[in-house]
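Structure, as structure tokens:
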Amino acid sequence: MINDCMELKSKYRIARQKGFKLKKNAELFKSLFDEAIDGIVFWDQDGNILMANQSALNIFECTSEDFLTKKLWEFVFKKDEQYRDFIQQFYEKKAIRDETLFLMPNGQFKYLEFTSKMHFVDGYNMTIFRNNSYRYQMEQNLRDSEDRFRKVFEGSFDGMVLWNWNHHVVDINPVAAHIMGLSRKDIVGRDFRDVYQKNTAVRNELESHINELMESGTADSVISVVKSGRYYYYEVCSKGNLTSNLNLSVIRDVTERRALQEQLQKSDTLMVVGELAAGIAHEIRNPMTALKGFIQLLESSIKEDHSLYFKVITSELKRIESTITEFLVLAKPQDIQYHHHDIHKIMMDTLDLLKGQAMMHNIQFDFIFEQALPKVFCEPNQMKQVFINIIKNAIEVMPDGGTIRIQIQKGKRNFVHVIIQDEGEGIPKNKIKKLGEPFYTTKERGTGLGLMVSFKIIKDHKGIIDVESKVGVGTKFHIHLPANK
Ligand code: ADP
Ligand code: MG
């Protein structure tokens, strides 16, 4: 009896708990549904929307009446490959979680994350939506700005290097990689100061550039680099801490610009000198010829004790004549005949001419040349003039004798490369740019015209001349001559 009573009570309690649970579940469901921040939508097999909470109405910018007349897929913006994948996955796995772009009836686009479950309640499907538009927009902006940055960085006509305070290269654009002569992957991660071929002079220049950057936050320098005998000048502008621990250096090749500036300065004076020369040279030449002739006539009748005067007069006359000859190269363009000539032979002839003078100063010529050199399109007398001027200078800077090394080799891009190297005192860096200026001389009896004339001849031949020098070691003249017309 007692047992029966107990059993009845417990049955009653279970029934009550069940009722409570049911009631509770319904309430719980309703409040979860109403209060959820995410949009919750129930829909049938045909996509018809049956029920939606307030958040879903907010997300889809619809009133409840409107929303319940629509099909869920009406809102999907693109019914493309991706959309077909969603559908397939949903029917295969009975669930899907993904994100895509939706178009709202008011024309607004929203990027929504969605979780769909098939037959979630009473055979109806349920989808929960979360609006990720803001995050999506942020990501999109970030991608766009990265894209813009990439395009500017990669497409810039200037070289750009991003590097950190450990001096490691973080990124480099194609122009900068080209200037450094390395590929991007060989540079990234390396020490910025060493990427320039471990050249100590360049490293020192970069070192002081970096010091300036640390002191004032920005730095501007022009760095010079010698590459296969040619000077290249690079303007480097850096800005420190572009973002935390990231510096930017912009590198511009200013070699051409500098050469042009120097040339302009020189050619101004050159024009004046040329005009002057044209006017005067002839006027002096004619009386000079007469003077020379009569002096020669006098030679036989000169007494022994006056022969020294005679020698001085003749040698000074020679000097005047050679100066005038140099002037005349500038003054009259002459009708110069360019043809293809063997540069090796021209050099041999020049050395023959200078042999005596070299021997007097205890100087040897060491001449190396490549076989089968291409012929150079030139005027041989003018070429000879250039070689004479440069080799004479070399002889003059080696009063105690030594070796003048001459090399002729095939250069890049169908150029022939002539190198004339001496063991003289060398030329200080700040004086190199003065070479070729009219009347620039450091010699007591110099004219300062030899190099000017030589530079002009090389320029007329569409060639390039460069000077490389180390004080106390010697000087190298590099002449690049085109083999083509
Ligand atoms: P000049 O020989 O009459 O002085 P140049 O035009 O031939 O005139 O040379 C100009 C100057 O360039 C020289 O006075 C000298 O200072 C310098 N120079 C030219 N060649 C050399 C060289 N090989 N080594 C050192 N200095 C040189
Ligand atoms: Mg000279």
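Counting convention: from 1, in listed order, for ligands and their atoms alike. Sequential numbering from 1 along the given sequence is applied to the chain's residues.
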Going by the order shown, which atoms of ligand 1 are within less than 4.0 Å of some heavy atom of Thr441? 1 (P), 4 (O), 14 (O)
Would you call the rings of His167 and Trp163 parallel, tilted or perpendicular, taking 30° and 60° as the class edges? parallel
Do any heavy atoms of Gly448 fall under 4.0 Å from ligand 1? yes
Ligand 1 atoms in contact with Thr475 (distance to a heavy atom under 4.0 Å): 24 (N)
Mind checking whether the Mg ion (ligand 2) has an N, O or S of Asn393 under 2.8 Å? yes
In sequence, state the C-alpha distance, the side-chain angles, and the governing distance for Asp186 and Arg190, and then conclude on salt bridge (Lys or Arg N to Asp or Glu O under 4.0 Å). CA-CA 8 Å; Asp186 289 336; Arg190 269 175 66 179; over 6 Å; no
Does Lys384 count as lying over the ring of Phe387, i.e. NZ or CZ under 6.0 Å from the six-ring centre, within 45 degrees of the axis? no
Would you mind checking which non-hydrogen protein atom is closest to atom 14 (O) of ligand 1, with the distance to 0.1 Å? Thr442 N, 2.9 Å
What is the ring orientation for Phe86 with Phe114, classed by angle as parallel under 30°, tilted 30 to 60°, or perpendicular over 60°? perpendicular
Should the pair Phe129 and Phe102 be assigned to parallel (<30°), tilted (30 to 60°) or perpendicular (>60°) ring geometry? perpendicular
Nearest-contact summary for atom 26 (N) of ligand 1 - protein heavy atom, Å: Ile427 CG1, 3.4 Å
Should one rank Ile390, Val397, Thr447 by closest heavy-atom distance to atom 24 (N) of ligand 1, which comes out on top? Val397
Just to be sure I read this right, does ligand 1 sit under 4.0 Å from the backbone of Leu435, its side chain, both, or neither, counting only heavy atoms? side chain
